[in-house]
Amino acid sequence: MWSEEGMEFHAGTVEDVRFVVAHMPVEVKNGFVYGAVPWSNFSHAYGPGSDVPDLLEQARTGDERSSNEALSKLSGRLLQQGTSSAAGALAIPFLVRIVVALPFHRAGILRVIAGLVRRQYFGDGSRTGLLRAARADDQIVFEPSGYLANWSVQAAREALAADAGLLLPLLGDPDPEVRQASAYALAAVPNRPASVADCLSARFQDEEDPAVRACLVLAIGQLAWEERHPDTIDQMCAWWQDYSQPAEVRVCAALTWLCLTDGPVPDNLRAFLELSVTDDLAALLESIPWLDHIVDGGLRRCLDQMFYPERYPHFTSCLD
């Protein structure tokens with residue numbers, strides 16, 4: 001078992017998944033040289049990660065059914081109940097290359113990638129939680145194996161950042177489910193790289209699918225969340241007040257603006273959201289990745305958390 005006191009001892013060693021991911025040669029990733037990765041040093045939900053390479057290879061080279069079976073096992077092991085794992089962080093570079101090459105299961109693989117690069121946040125639609133990918137440095141969380149979950153998420157995000165360029169073309173995939181999932185994954189890349197921000201914005205200008213448009217708004221916001229970029233805050237403010245924008249864009253822009261700012265909810269924004277959330281819009285937005293995890297109400301529960309945070313002390317206490 002790991003302990004908070006023992007973390008620094010392992011930092012920067014082969015027991016630190018962040019170190020291993022950062023030093024993984026591109027030749028290993030491109031060539032699927034699984035043997036060069038110390039899988040057995042790191043665990044997933046069911047034990048050591050030594051079984052991951054065979055499942056990755058089956059997913060990559062099998063027929064559609066065989067590939068799906070492998071991906072289902074990988075999802076259960078690497079992302080059990082929405083909780084990331086150290087072995088999952090090691091798998092990110094290979095999953096990125098698999099999703100680019102495979103003609104099927106792309107949306108599912110992207111959702112696994114997106115889950116691995118985020119903290120476990122099921123049910124959290126609060127202003128401080130909806131767009132938050134990682135926990136604060138002083139919020140120590142451990143995986144079932146005893147490994148430091150903070151390190152796993154950090155390593156996974158950095159692994160995705162290194163290969164984000166490979167996923168950018170999927171923002172224009174013919175399948176709207178793939179476009180949604182790729183936006184969701186790319187939104188968790190740290191440090192808001194210009195290439196990702198520009199591609200999300202460019203895709204938004206061309207996107208015609210309402211659910212994907214909503215995802216792109218939230219993705220643009222999440223990419224800016226950690227540093228609260230003023231230009232994104234201004235953009236969201238302009239979008240939610242723009243009557244020419246469709247309802248899903250205005251509502252998601254309003255949610256994003258609330259997440260990027262502090263202070264009381266403005267009366268005009270509250271009134272806009274209360275009037276705009278129809279049953280049809282709620283059903284549409286509850287299907288997108290940011291909101292489908294919010295049980296017992298979806299979008300309306302998200303608004304309730306944002307308007308009345310005192311009713312949800314668990315989320316505010318975990319994130320403040």
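All heavy atoms count here, side chains included; hydrogens, waters and symmetry mates do not. These numbers were taken from a predicted model, which means no experiment stands behind them.
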Linked, directly or transitively: V99 and L168 (ILVMFWY side chains, under 4.5 Å): yes
4.5 Å side-chain heavy-atom contact, L273 and L258: yes
Cation-pi geometry met for R270 and Y308 (6.0 Å, 45°): yes
Distance-only side-chain donor-acceptor flag, T232 / R192, under 3.5 Å: yes
Backbone of G172 reached by a side-chain donor or acceptor of R203 within 3.5 Å: no
Atom of A107, atom of A181 and distance for their closest heavy-atom approach: O-CB, 3.8 Å
Heavy-atom check, side chain of S84 versus side chain of R118, under 4.5 Å: no
4.5 Å side-chain heavy-atom contact, Q305 and D124: yes
Heavy-atom pair of closest approach, residues P38 and L90: O-CD1, 4.3 Å
Salt bridge (charged side-chain N to carboxylate O under 4.0 Å, His left out) partners of residues 63-88, not counting sequence neighbours, each pair once: D51-R77, R65-E69
Residues R111, D292; criterion salt bridge (charged side-chain N to carboxylate O under 4.0 Å, His left out); working and verdict: CA-CA 12 Å; R111 284 193 291 269; D292 68 0; over 6 Å; no
Criterion side chain to side chain contact (heavy atoms under 4.5 Å, CB included) on M306 and V265, from CA distance to verdict: CA-CA 8 Å; M306 291 190 177; V265 179; 5.7 Å; no
Co-membership, hydrophobic cluster, residues L281 and L130, 4.5 Å side-chain: yes
Parallel, tilted or perpendicular: rings of Y34 and F94 (30°, 60°): tilted
Between E143 and S43, a side-chain donor and acceptor under 3.5 Å: no
Interatomic distance, S182 atom OG to I113 atom CD1 [nearest 0.5 angstrom]: 10.5 Å
Validation row: L285, V251 side chains within 4.5 angstrom (heavy atoms): yes
V20/D16 under side chain to side chain contact (heavy atoms under 4.5 Å, CB included): CA gap, chis, key distance, verdict: CA-CA 6 Å; V20 175; D16 181 348; over 6 Å; no
L284-L299 co-clustered via ILVMFWY side chain contacts under 4.5 Å: yes
Side chain to side chain contact (heavy atoms under 4.5 Å, CB included) assessment of S152 paired with Y147: CA-CA 8 Å; S152 297; Y147 195 80; 3.6 Å; yes
W151 six-ring centre to R18 NZ/CZ under 6.0 Å and within 45° of normal: yes
Heavy-atom closest contact (M236 atom, L260 atom, distance): CG-CD1, 4.4 Å
Euclidean distance, Q58 CD relative to L56 CG, rounded to 0.5 Å: 10.5 Å
Result of checking F204, W257, F272 against W239 for ring pair (Phe, Tyr, Trp, His ring centres under 6.0 Å): F204
Electrostatic pair D242-R250, nearest N-O below 4.0 angstrom: no
Stepwise salt bridge (charged side-chain N to carboxylate O under 4.0 Å, His left out) test for E286 and R301: CA-CA 10 Å; E286 284 159 17; R301 174 59 64 91; over 6 Å; no
4.5 Å side-chain heavy-atom contact, I288 and R213: no
same_hphob_cluster(L55, Y46) at 4.5 Å side-chain heavy-atom cutoff: no
Axial cation check for Y184 ring with R179, 6.0 Å and 45° limits: no
Side chain proximity check, C215 to L218, heavy atoms < 4.5 angstrom: no
Approximate separation, where rounding is to 0.5 Å, of L186 CG and L223 CG: 8.5 Å
Pair E274 + R300, salt bridge at N-O below 4.0 Å: no
From CA spacing to verdict: side-chain hydrogen bond (donor to acceptor under 3.5 Å, both in side chains), W290, Q222: CA-CA 10 Å; W290 280 269; Q222 182 159 38; 2.9 Å; yes
Gap separating the CG atom of L255 from the CG atom of L291, nearest 0.5 angstrom: 7.0 Å
Pairwise side-chain contact, R97 with P93, heavy-atom cut-off 4.5 Å (strictly under): yes
Nearest heavy atoms of S85 and L116, plus distance in Å: N-CD2, 4.2 Å
Joint hydrophobic cluster, L79 plus V153, side-chain heavy atoms closer than 4.5 Å: no
Pairwise distance CG(L216) to SG(C199) - rounded to 0.5 angstrom: 11.0 Å
Closest heavy-atom pair and its distance - D209, P176: OD2-CB, 3.9 Å
Closest approach of V189 to A161 (non-hydrogen atoms, all atoms of both residues): CG1-CB, 3.7 Å
Gap separating the CZ atom of F42 from the OG atom of S145, nearest 0.5 angstrom: 10.5 Å
D173 and R106, any side-chain heavy atoms less than 4.5 Å apart: yes
Verdict with supporting geometry, R60 and L102, side chain to side chain contact (heavy atoms under 4.5 Å, CB included): CA-CA 7 Å; R60 184 175 79 93; L102 275 188; 5.8 Å; no
